[in-house]
Amino acid sequence: MKITSTSCICPVLVCLCFVQRCYGTAQHSSIKGTRNQTKHIEGETEVHHRPKRGWVWNQFFVLEEHMGPDPQYVGKLHSNSDKGDGSVKYILTGEGAGTIFIIDDTTGDIHSTKSLDREQKTHYVLHAQAIDRRTNKPLEPESEFIIKVQDINDNAPKFTDGPYIVTVPEMSDMGTSVLQVTATDADDPTYGNSARVVYSILQGQPYFSVDPKTGVIRTALHNMDREAREHYSVVIQAKDMAGQVGGLSGSTTVNITLTDVNDNPPRFPQKHYQLYVPESAQVGSAVGKIKANDADTGSNADMTYSIINGDGVGIFSISTDKETREGILSLKKPLNYEKKKSYTLNIEGANTHLDFRFSHLGPFKDATMLKIIVGDVDEPPLFSMPSYVMEVYENAKIGTVVGTVLAQDPDSANSLVRYFIDYNAEDDRFFNIDANTGTIKTTKVLDREETPWYNITVAASENDNPSLLSHVTVVIRVLDVNDNPPELAREYDIVVCENSKPGQVIHTISATDKDDFANGQKFNFFLDEHLSINPNFTLKDNEAAVPSPSGFVRARETGACGPAVQKPSCPRLA
């Protein structure tokens, strides 16, 4: 039998569904009452002669997580063809039919046999059929309806991304945003307050706060100083049911680190320092270190050192070790304890990366005074000259004084000095030296023509510390004396032509002398008086000699003698 949608059965069935939504655990007694209501409405329909409708119902509801001992009542299917005599059979098909949902095929009552979880499945689509039990023929067209799983607050809010690790600059303004956290609730956000989350801070006050609606964490204090405290552990709670009593909650930890800004100037731990440097320190070597402390980190603590004044500005220099942030003091010029025993330097350390937001905390530099004590070192004797040149005549007697060297102890102790000549084992020893006075004398007769120069090395040491030695070079020049006679340059074999004219030069002879020019090289030529004189030849002495690096060259114009030979030109005989 079919009736129109305007039948009065519609509001009755709607009412049944509403009751079921609000009281999903209705007992069997309420089912009977519903059944009686339905029958009464059907009779009223017949009285008013309204068209009948075979199937009328709205969406059914079933509470999730039902844990009662009996199956949970869901709702009731009813056909106007049902006279209550059991001739109508109700059939339920679709999602969960026969397993989750069962139907009394005589009364049309639907029950849920299992506990359902809305978060796994929110609704079920089923189909209803009313047939004649005797003929198995449909009494109504098959109809589709939905059973919706009604939410309860069975899920606590969860932070899926925690724990969190974040940073915020120190000295940030109060209210600076740090991080936004979000908790999710698996309950139905469209029904009640089960999924309405409110945030609160459980740990981390008074340093940080959280917005209860958005979950935004902010700084809650002015000028939080990293150097006072760097790390904070903040615990945030999310509670559903809008934060009401009985709501479920979850929490997460936010680890917040304050990052550094340059808000601390460098500071020397002391205003006065003292450094010992021995006078033997090498030029260019590092002789000491100094360091200013900076509470900041990274580039905010970088600094550079400089010498701003002091009497040691030209003697020392300072550089910066970028790794250790130390000032490295180096020596620019040699130190001499006997001349200056101390120096004073004023040293400054200044940050290289400034943050002008914090310039009012400056100046971002500091200065200290460094006193440098020059240490006395036992130095070797110092010769009065860097080298010596001495002269002595050849053929001088053994023991002749050549000269004297002088060395002194440069230290304040002024120790006595001893001298000796540093000979090699294979050297001929032509000289010796007085160990106390430094006087050099000959030990052999010298021959200038054999060795005109001598180079010797004289060493000096202190009596108190013989291991400290100094050396100096002594060059000795052997002076010439006229101790060598002249000699003919060579043996001469002279040829003369028989027709030579009287007065004609038939040959020129020359002589040499091993002595120095100052003592030789001017010769007189004459015939030996002890030999018989040949009246056919004569010898003329030119009485002039011209020195030349390569010997003597004949020059007829000047009358000079040389090694060149002029051979006579003899005419042929007819």
Side-chain angles (χ1 to χ4, degrees), residues 9-41 54-79 82 84 86 88-131 140 142-156 185-196 240-241 244 246-248:
I9 195 171
C10 297
V12 174
L13 290 176
V14 170
C15 180
L16 286 173
C17 295
F18 174 76
V19 170
Q20 174 60 26
R21 182 172 183 177
C22 298
Y23 308 100
T25 58
Q27 301 299 318
H28 186 67
S29 60
S30 65
I31 298 174
K32 289 183 179 179
T34 304
R35 189 180 302 161
N36 292 336
Q37 275 188 329
T38 304
K39 288 182 179 180
H40 175 72
I41 292 170
W55 296 103
V56 179
W57 56 77
N58 284 343
Q59 181 173 262
F60 289 135
F61 293 87
V62 59
L63 285 175
E64 68 169 333
E65 306 292 349
H66 176 71
M67 304 300 292
D70 300 322
Q72 182 181 186
Y73 180 70
V74 179
K76 183 181 184 66
L77 300 180
H78 184 73
S79 172
D82 190 351
V88 177
K89 181 179 181 181
Y90 296 97
I91 300 174
L92 187 65
T93 60
E95 295 179 329
T99 56
I100 300 175
F101 304 103
I102 59 174
I103 188 170
D104 187 320
D105 62 359
T106 301
T107 65
D109 292 324
I110 303 173
H111 288 79
S112 171
T113 62
K114 296 183 178 180
S115 177
L116 303 180
D117 186 356
R118 188 201 69 84
E119 285 70 46
Q120 292 186 359
K121 191 170 179 63
T122 60
H123 66 277
Y124 296 83
V125 179
L126 295 103
H127 297 86
Q129 180 74 60
I131 64 174
E140 307 288 351
E142 184 181 85
S143 181
E144 180 181 282
F145 68 98
I146 294 174
I147 298 178
K148 185 176 181 181
V149 182
Q150 185 174 331
D151 184 51
I152 64 171
N153 189 20
D154 61 339
N155 289 278
D185 194 310
D187 293 321
D188 189 354
T190 65
Y191 178 68
N193 292 326
S194 297
R196 185 179 173 188
D240 61 15
M241 298 299 291
Q244 298 175 7
L248 302 177

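Quick note: numbers below take in every heavy atom, side chains included, and nothing from hydrogens, waters or symmetry partners.
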| task | Would you name the heavy atoms of F101 and E95 that are closest together and state the gap between them? | result | CD1-O, 3.8 Å
| field | Where F60 and G75 come nearest, the two heavy atoms and their spacing | value | CE2-CA, 4.0 Å
| K76 NZ to I103 CD1 distance, which is reported to the nearest 0.5 Å | 9.0 Å
| Identified side-chain contact (heavy atoms from CB on, under 4.5 Å) partner of D240 from the options L248, N193, N155 | L248
| Inter-residue atom distance L77.CG - I91.CD1, 0.5 Å rounding | 11.5 Å
| task | For Q72 and S112, indicate whether the former's side chain and the latter's backbone hold a donor-acceptor pair under 3.5 Å. | result | no
| field | Atom pair NE2 (H66) and NE2 (H111), whose distance is rounded to the nearest 0.5 Å | value | 9.5 Å
| message | Restricting to non-hydrogen atoms, name the atom on D185 and the atom on A156 that form the minimum distance, rounded to 0.1 Å. | response | OD2-C, 4.2 Å
| task | For R118 and A186, indicate whether the former's side chain and the latter's backbone hold a donor-acceptor pair under 3.5 Å. | result | yes
| said: Working to the nearest 0.5 angstrom, can you tell me the gap between N153 CG and Y191 OH? | reply: 11.5 Å
| message | I'd like to know if the side chain of Y90 reaches the main chain of S79, judged simply by a donor and an acceptor atom lying under 3.5 Å from each other, with no hydrogens or angles considered. | response | yes
| query | Could you go step by step and tell me if V149 and H123 meet the side-chain contact (heavy atoms from CB on, under 4.5 Å) rule? | reply | CA-CA 5 Å; V149 182; H123 66 277; 5.9 Å; no
| task | Taking the side chain as every heavy atom from C-beta outward, state whether E119 and D154 have any pair of such atoms under 4.5 Å apart. | result | yes
| task | Please name all residues satisfying side chain to side chain donor-acceptor pair (under 3.5 Å) with T99, sequence neighbours left out, ordered by chain then number. | result | none
| task | Would you give the length of the straight line joining atom CD1 of I102 to atom CG of D109, rounded to the nearest 0.5 angstrom? | result | 10.5 Å
| Nearest 0.5 Å, what's the OH-NZ distance between Y124 and K148? | 14.0 Å
| message | For H127 and S143: C-alpha separation, side-chain torsions, deciding distance, then whether side-chain contact (heavy atoms from CB on, under 4.5 Å) applies. | response | CA-CA 5 Å; H127 297 86; S143 181; over 6 Å; no
| field | I100: which of L116, V62, V74 passes side-chain contact (heavy atoms from CB on, under 4.5 Å) | value | L116
